[in-house]
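Report on one structure; see the data block that follows.
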2 protein chains.
Amino acid sequence: MLFTISEMQTKLRQHIEKIIPLTDEEFAVVFSHFSFRKVKKHQFLIQEGDSVNHSYFVVSGLLKLSYTDANDKEHILHFAMEDWWVSDYKAYFTKAKATMSLDCLEDANVFCLSLDDHNKLCGSLPKMEHFFLTKSHYGYIASQQRILSLLTTSAKERYEQLLIQYPSLIQRVNKTLLASYLGVSRETLSRLSS
Amino acid sequence: MLFTISEMQTKLRQHIEKIIPLTDEEFAVVFSHFSFRKVKKHQFLIQEGDSVNHSYFVVSGLLKLSYTDANDKEHILHFAMEDWWVSDYKAYFTKAKATMSLDCLEDANVFCLSLDDHNKLCGSLPKMEHFFLTKSHYGYIASQQRILSLLTTSAKERYEQLLIQYPSLIQRVNKTLLASYLGVSRETLSRLSS
DNA sequence: ATTTCAGCGTGATGTAGATCACATTAAGAG
DNA sequence: CTCTTAATGTGATCTACATCACGCTGAAAT
């Protein structure tokens with residue numbers, strides 16, 4: 001799927017306007033704070049140890065945010081597809097080094113927002129602070145739900161929930177990655193789905 | 001520990017001023033949006049099925065936010081002590097019915113903020129939107145860390161992390177509750193700590 | 001002062017899921 | 001078109017943790 005910049009711009013605008021209405025002038029201000037980047041499969045936007053300079057809005061494609069533990073086992077915090085915001089936010093907001101990595105599973109188009117530009121944008125357009133606050137609330141709520149699902153349900157139930165919630169992911173992501181998102185071994189997931 | 005209203009007011013102000021400075025007039029505006037409530041041990045601030053009218057700032061005392069599953073097993077999302085904000089935020093922001101409950105483990109003093117007042121406050125004092133955004137970011141980051149800890153570590157490791165991170169909790173909360181926060185059975189936790 | 005019960009430890013046993021090992025197939029790379 | 005590597009399924013075994021069952025202790029309720 002190919003997009004022109006102007007189509008992608010529209011996607012970003014529609015995304016924001018789900019929460020706050022914007023005039024053309026306002027959107028122009030918003031848009032001027034972003035930069036654009038194409039990412040190819042297997043490319044990293046963030047690697048462990050990097051400074052994290054941007055938060056990313058995914059226009060198209062698929063990314064994964066993951067953490068690799070001391071035993072070299074990868075754990076997936078979440079996937080990020082169309083219309084998602086993603087970064088190692090701990091590192092981003094605290095200006096610390098990344099402990100997570102963000103890499104590309106399917107060629108992607110992303111808009112990039114530096115912390116500096118984020119702050120300037122909120123300064124010049126207070127509505128945007130409201131937009132980000134709303135987004136952040138939803139992100140928080142989603143994480144709480146994920147915690148609950150890890151605390152209360154079995155691997156099988158989590159897999160079934162995922163099938164219902166994000167049916168498309170199962171087509172797009174291999175089982176090994178799904179397993180490490182669900183918090184089970186590849187082998188166990190294989191046995192569950194058969 | 002007893003506090004006067006004015007001491008508690010100061011606590012709230014100091015808490016906010018860790019993030020944004022406020023003039024006396026501004027703080028007066030802020031404060032006028034809160035109400036105050038004393039809560040006794042075993043009292044509920046939120047019960048499953050309730051409408052969730054408030055977000056709570058804990059001045060003193062100890063609360064727990066928990067979810068009870070289909071088998072009547074309680075799972076603790078988190079404890080909330082001095083200086084924490086707590087509510088069933090999903091229900092609060094979406095005006096849905098509570099799926100969680102919030103109840104008091106040690107007599108507490110809390111300031112209460114309705115969604116309506118939250119919005120009015122942000123409207124009249126945009127700085128406060130920034131304050132809440134910052135808080136929300138930290139909440140999000142903390143949940144992500146919790147997810148990672150559930151994905152990557154054993155019950156024993158999680159217990160040890162907790163000992164380091166919140167040593168005071170171990171004194172204040174009984175083992176059964178600690179276990180359901182850590183996501184293990186009471187019996188297993190007992191074996192771990194001995 | 002006796003009763004009741006919450007909190008905690010601990011043994012015996014059951015089980016979901018991890019780990020190891022190997023075979024098959026599909027898909028990129030030269 | 002072959003060669004190599006990634007993705008998946010499946011058996012055998014191991015282990016962390018759950019569940020069930022019981023006894024002890026100390027605090028609160030009568």
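Convention: sequence-line order gives letters A, B, ...; per-chain numbering from 1.
Computed from coordinates, the B:D72 CG to D:dT19 P distance equals 13 Å when rounded to whole Å. Computed from coordinates, the A:H42 NE2 to C:dG28 C1' distance equals 11 Å when rounded to whole Å. Distance A:L189 CG to C:dA16 C1': 14 Å, rounded to the nearest Å. At whole-Å resolution of the value, CD in A:E187 and C1' in C:dG17 are 10 Å apart. To the nearest angstrom, P of D:dA16 lies 14 Å from CZ of B:R191. Between the P atom of D:dA18 and the CG atom of B:D69 lies a distance of 13 Å, rounded to the nearest Å. As a whole-Å value, the separation of B:R186 CZ from C:dG9 P is 8 Å. Rounded to whole Å, the distance from CD on B:Q171 to P on C:dG7 is 17 Å.
In the hydrophobic cluster analysis, where Ile, Leu, Val, Met, Phe, Trp and Tyr join through side-chain heavy atoms closer than 4.5 angstrom, B:Y138 is grouped apart from B:Y166.
For B:W84 and B:F79, the gap between ring centers reaches or exceeds 6.0 Å. Here the two rings, on B:F132 and A:H130, have centers that are 6.0 Å apart or farther. Taking the centre of each ring, B:F31 and B:F111 come in below the 6.0 Å mark.
The side-chain tip of B:R146 points at the ring of B:Y181 from less than 6.0 angstrom away and within 45° of straight on.
When distances are taken from the side chain of A:S185 to each of D:dT19, C:dA18, C:dA21, the shortest belongs to C:dA18. Set against C:dG17, D:dT8, D:dT19, the side chain of A:K175 has D:dT8 as its closest nucleotide.
Interatomic distance, B:F93 CZ to B:L115 CG, rounded to the nearest 0.5 Å: 6.5 Å.
Contact check of residues 144-169 of chain B against DNA chain D (heavy atom, cut-off under 4.0 Å) returns B:S154, B:A155.
Of the possible polar contacts, none joining the B:S55 side chain to the B:L113 backbone as a donor-acceptor pair under 3.5 Å is found.
Under 3.5 Å, the side chains of A:K97 and A:S51 contain a donor-acceptor pair of N or O atoms.
At the heavy-atom level, A:S190 lies under 4.0 Å from base atoms of the strands shown.
Comparing the helix axis at one end of the helix from C:dT2-D:dA29 to C:dG30-D:dC1 with that at the other, each defined from 5 consecutive pairs, gives an inter-axis angle of 40° (nearest 10°).
A:R13 has a carboxylate O that lies under 4.0 Å from a charged side-chain N of A:D24, or vice versa, which qualifies the two as a salt bridge.
At the phosphate of C:dA6, neither OP1 nor OP2 sits under 4.0 Å from any side-chain N or O atom of B:N174.
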